[in-house]
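Starting from 1, each residue takes its place in the sequence as its number.
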Amino acid sequence: MSIVCPSWLSFILYNPVRKAFTDRQKVLDESGITQDSVVLEIGAGNGFFTEAIAARANRVIAVELQAGMVEKLRKRIGFSKNIAVIQSDAASLALEEETADVCLLYYSFHEVSRKIEAASAISRAVKKNGMLSIYEPKIEVSKGDMMETIKLFEQKGFTKESERDGTFTRFARLRKTS
C-alpha cells in the first residue's frame, strides 16, 4: 500500500522542478479537456492541476481527502466561480449522476483504499461518452496493477481507448460506453 502525501509536504507537489518536468497542457489535451468540459479531479492535492484545468475548462470539481490539502488548495485558487472543492474520499463521493465530462486521476488512484466503491462513484459521476484519464507513477504502480485498474473501470462501463508507459508514468484513457 502506498502512502498519501501529507499536507505538510505539499511543497513537493507544487514546485518549479515539477512544473518544468510535467507538461500540464499535454495532460489536459490527452484527457480531452476543452473549454466546455466539466472536470472531476480526484486527488486534487494543493492544486497543481486544478489551476490549469480551471484555466481551460468550464468547471472543475476538485476532490481531496485531506483537510490540510483542502486548505492549501483553497488558498491557491482563491475565489473562483468555476471551481468547487469537495473534501471527500473518492469511494464516498456523492455527486449527481452524469455530472462530469472528464475525470482526471493523476497519481491518485493507487492511493485509494476502497477502489471498487471509488470506481463505482466515478462511473456514476461521468457522463455517457465521457472520458476517464488515469496517470500513475511507475515506481509505485506495476504494469499488472495498472491493468487491474483498467479492468476495474471496464467492469464499470468504460472502454479503453489508449494506454502507454512513459519514463515515469503509466497512462490510460477510457471512455464511458455504458
Would you give the length of the straight line joining atom [atom1] of [X] to atom [atom2] of [Y], rounded to the nearest 0.5 angstrom?
{"X": "Ser88", "Y": "Leu93", "atom1": "OG", "atom2": "CG", "value": "5.0 Å"}
{"X": "Ile53", "Y": "Ile77", "atom1": "CD1", "atom2": "CD1", "value": "11.0 Å"}
{"X": "Cys103", "Y": "Ile134", "atom1": "SG", "atom2": "CD1", "value": "8.5 Å"}

Just checking, is any N or O donor in the side chain of [X] or [Y] under 3.5 Å from an acceptor N or O on the other one?
{"X": "Asn82", "Y": "Ser80", "value": "yes"}
{"X": "Thr177", "Y": "Lys128", "value": "no"}
{"X": "Ser92", "Y": "Arg114", "value": "yes"}
{"X": "Thr169", "Y": "Tyr107", "value": "yes"}
{"X": "Thr34", "Y": "Ser37", "value": "yes"}

Checking Phe158 now: which residues fulfil ring-ring contact (aromatic ring centres under 6.0 Å, His included) with it, not counting sequence neighbours?
Phe153
Trace of the side chain to side chain contact (heavy atoms under 4.5 Å, CB included) decision for Leu152 with Lys115
CA-CA 8 Å; Leu152 174 60; Lys115 290 181 176 15; 4.0 Å; yes
Any chance you could lay out the side chain to side chain contact (heavy atoms under 4.5 Å, CB included) test for Glu41 and Ile83, step after step, and finish with the verdict?
CA-CA 10 Å; Glu41 179 190 16; Ile83 302 174; over 6 Å; no
Can a donor-acceptor pair be found, under 3.5 Å and without considering hydrogens, that links the side chain of [X] to the backbone of [Y]?
{"X": "Arg59", "Y": "Ala84", "result": "no"}
{"X": "Thr149", "Y": "Asp145", "result": "yes"}
{"X": "Glu64", "Y": "Gln66", "result": "yes"}
{"X": "Glu136", "Y": "His110", "result": "yes"}
{"X": "Lys176", "Y": "Val126", "result": "yes"}
{"X": "Arg76", "Y": "Asn46", "result": "yes"}
{"X": "Ser123", "Y": "Ala119", "result": "no"}

For a quick test of reading the model, state the closest non-hydrogen atom pair linking [X] to [Y] and the distance between them.
{"X": "Val112", "Y": "Ala90", "result": "CG2-CB, 4.4 Å"}
{"X": "Leu73", "Y": "Gly47", "result": "CD1-CA, 3.4 Å"}
{"X": "Ala52", "Y": "Gln25", "result": "CB-NE2, 4.2 Å"}
{"X": "Ala62", "Y": "Thr50", "result": "CB-CG2, 4.1 Å"}
{"X": "Ala91", "Y": "Ala121", "result": "O-CB, 4.4 Å"}
{"X": "Val85", "Y": "Arg74", "result": "O-NH2, 3.4 Å"}

For atom NZ of Lys138, decide whether the heavy atoms of other residues, nucleotides or ligands shown that lie under 6.0 angstrom number more than 12.
yes
Passes side chain to side chain contact (heavy atoms under 4.5 Å, CB included), Glu154 versus Leu174? Steps please.
CA-CA 8 Å; Glu154 287 174 336; Leu174 298 91; 4.2 Å; yes
Quick one: are [X] and [Y] in side-chain contact, heavy atoms under 4.5 Å?
{"X": "Gln87", "Y": "Met69", "answer": "no"}
{"X": "Val102", "Y": "Leu40", "answer": "no"}
{"X": "Val141", "Y": "Phe109", "answer": "no"}
{"X": "Phe49", "Y": "Val27", "answer": "yes"}
{"X": "Tyr106", "Y": "Ser133", "answer": "no"}
{"X": "Asn58", "Y": "Val39", "answer": "no"}

Step by step, work out the side chain to side chain contact (heavy atoms under 4.5 Å, CB included) result for Ile42 and Ile122.
CA-CA 9 Å; Ile42 303 291; Ile122 291 166; 4.2 Å; yes
Applied to residues 78-105, the salt bridge (charged side-chain N to carboxylate O under 4.0 Å, His left out) test, sequence neighbours excluded, yields Asp101-Lys127
Tell me, which pairs form a salt bridge (charged side-chain N to carboxylate O under 4.0 Å, His left out) where one or both residues lie in residues 163-173, sequence neighbours left out?
Glu30-Arg164, Lys143-Glu163, Lys143-Asp165, Lys160-Glu163, Glu161-Arg173, Asp165-Arg170
Cluster overlap Leu132 with Met147, hydrophobic side-chain contacts below 4.5 Å:
no
